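Input: a single structure, listed below in structure tokens.
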Amino acid sequence: MPEGHTLHRLALTLDRAFAGTRPRASSPQGRFVDGAALIDGRLLERAEAWGKHLFLVFEGDVILNIHLGLIGVLDVTGYEGVVPAPVGAVRLRLVGERHVADLRGATVVEIVTPEEMDATLARLGPDPLRAGTESNEPERALARMARTGRTFAETLMDQSVIAGVGNLYRCEVLFRHRVDPFRPAKEIRPATFLRIWDDLVDLLAIGVAFGQIITMEHQLEEAREILRGLDESASDAYRHHRLTLVDWQGRDEAEAGGRPAYERSGPFPREYAVYQRNGEACYTCGSRIRTRVVAGRNLFWCGRCQRRR
DNA sequence: GTTTAATGGGTAT
DNA sequence: TACCCCTTAAACT
């Protein structure tokens, strides 16, 4: 399920599975029949992610735009021999020589023009997974934050301020930096925000590599250790477009014998500092984790560790 | 068997 | 702020 790391991992996975080929497209569920017909057998040039938006660019300026929304899933799996039958409400299926991609539950599945794609991108704030590239600098987010009366927790969910961060990364990164979620965004010190940005660049990249959100320090240390073992230059290799993909057993996907790169869950058990821990004791100070709906989603935070200073 | 919640986001009120 | 869309699985009765 989808925050920015999911879409970037999918873009890389789809690129490896289908770019340069002409996958067959269909809509087993029947709700994307016309769109599927437009891309069926068409050459896929590349797959790209920006924030939580995914684009499959086919030849002839035909672009498939996918947004998974809250519950959408895009499964990419490998097969040999017979193509497996679709299970459930598969709105779009792509079939290649050795891979099948099944899309379910997405809020946006549509064919767009390059101009429409550009218009979508123009509405997005900087994406930490594209840090260091054109107009993806944190200063742009800071400028937006300085002009709003909203709380920091609200702006972290606003894709036009910062692209790719969702509710889980929001809760956890606020805790990691001991920031009061209800502090007005304009009062956050730039140095504090830049530290948070750098942390998000690291956290999201690790999320891409493992296909899961990892925010607990002991798990992060293990994750970084695995990445170092896979690639001596991992410290910058897992940034930008040279991200290492690790399968569910912690193996480098490329070295795992062509096994499917994308798995629904990674090798680490789900464990978070505050997310969905309402009423439980904070691991740091012991006080009870609290929750409240902020920007339409359940925010979780420690009222003591994240008290305004 | 039915209800609810889930890592989103758009539109109406 | 409310309600809508998308789908599935876990948590209820």
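Just the heavy atoms: all of them, side chains too, but no hydrogens, waters or symmetry mates, feed the values below. All values derive from a computational prediction rather than experimental measurement. So you know, we letter chains A, B, ... as the sequences are listed, proteins then strands, and number each from 1.
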Euclidean distance for C1', dG9(B) against dA9(C) (whole angstrom):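 Between the two C1' atoms, the distance is 22 Å.
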In whole Å, measure the gap between the C1' atoms of dG1(B) and dC6(C) for me.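 The same atom, C1', in both gives a distance of 23 Å.
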With a 4.0 Å limit, can you tell me whether [X] has a side-chain N or O closer than that to the phosphate oxygens OP1/OP2 of [N]?
X         : N      : answer
Asn298(A) : dA6(B) : yes
Arg297(A) : dA6(B) : no
Gln29(A)  : dC6(C) : no
Arg104(A) : dT8(C) : yes
His67(A)  : dG8(B) : no
Gln159(A) : dG8(B) : no

Provide, to the nearest angstrom, the distance between the [atom1] atom belonging to [X] and the [atom2] atom belonging to [N].
X         : N       : atom1 : atom2 : result
Leu70(A)  : dG8(B)  : CG    : C1'   : 5 Å
Arg123(A) : dG8(B)  : CZ    : P     : 18 Å
Leu68(A)  : dA6(B)  : CG    : P     : 18 Å
Glu110(A) : dG10(B) : CD    : P     : 12 Å
Ile71(A)  : dA10(C) : CD1   : P     : 15 Å
Leu7(A)   : dG8(B)  : CG    : C1'   : 11 Å
Ile66(A)  : dG8(B)  : CD1   : P     : 17 Å
Asp102(A) : dT7(C)  : CG    : P     : 13 Å

Roughly how far apart are Ile111(A) CD1 and Ile63(A) CD1, rounded to 0.5 Å? 9.5 Å
Side-chain touch Thr77(A)/Tyr79(A), heavy atoms, less than 4.5 angstrom: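 Of all side-chain heavy-atom pairs linking Tyr79(A) with Thr77(A), none is under 4.5 Å.
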Would you say that Phe175(A) contacts Ile289(A) through its side chain, given a criterion of any heavy-atom pair below 4.5 Å between the two side chains? no
With a non-hydrogen cut-off below 4.0 angstrom, is [X] in contact with a base, only sugar-phosphate, or nothing?
X         : result
Gly296(A) : nothing
Glu172(A) : nothing
Arg170(A) : nothing
Gly166(A) : sugar-phosphate

Inspect the contact between Arg22(A) and Glu59(A) and indicate whether a charged nitrogen and a carboxylate oxygen are less than 4.0 angstrom apart. yes
Taking the basic N atoms (NZ, or NE/NH1/NH2) and the acidic carboxylate oxygens, is any pair closer than 4.0 Å for Glu217(A) and Arg224(A)?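 Yes, charged N to carboxylate O under 4.0 Å.
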Are side-chain N/O atoms of Arg176(A) and Thr215(A) paired as donor and acceptor at under 3.5 Å?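 No.
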Which nucleotide, dT7(C), dG8(B), dA5(B), lies nearest any side-chain atom of Gln276(A)? dA5(B)
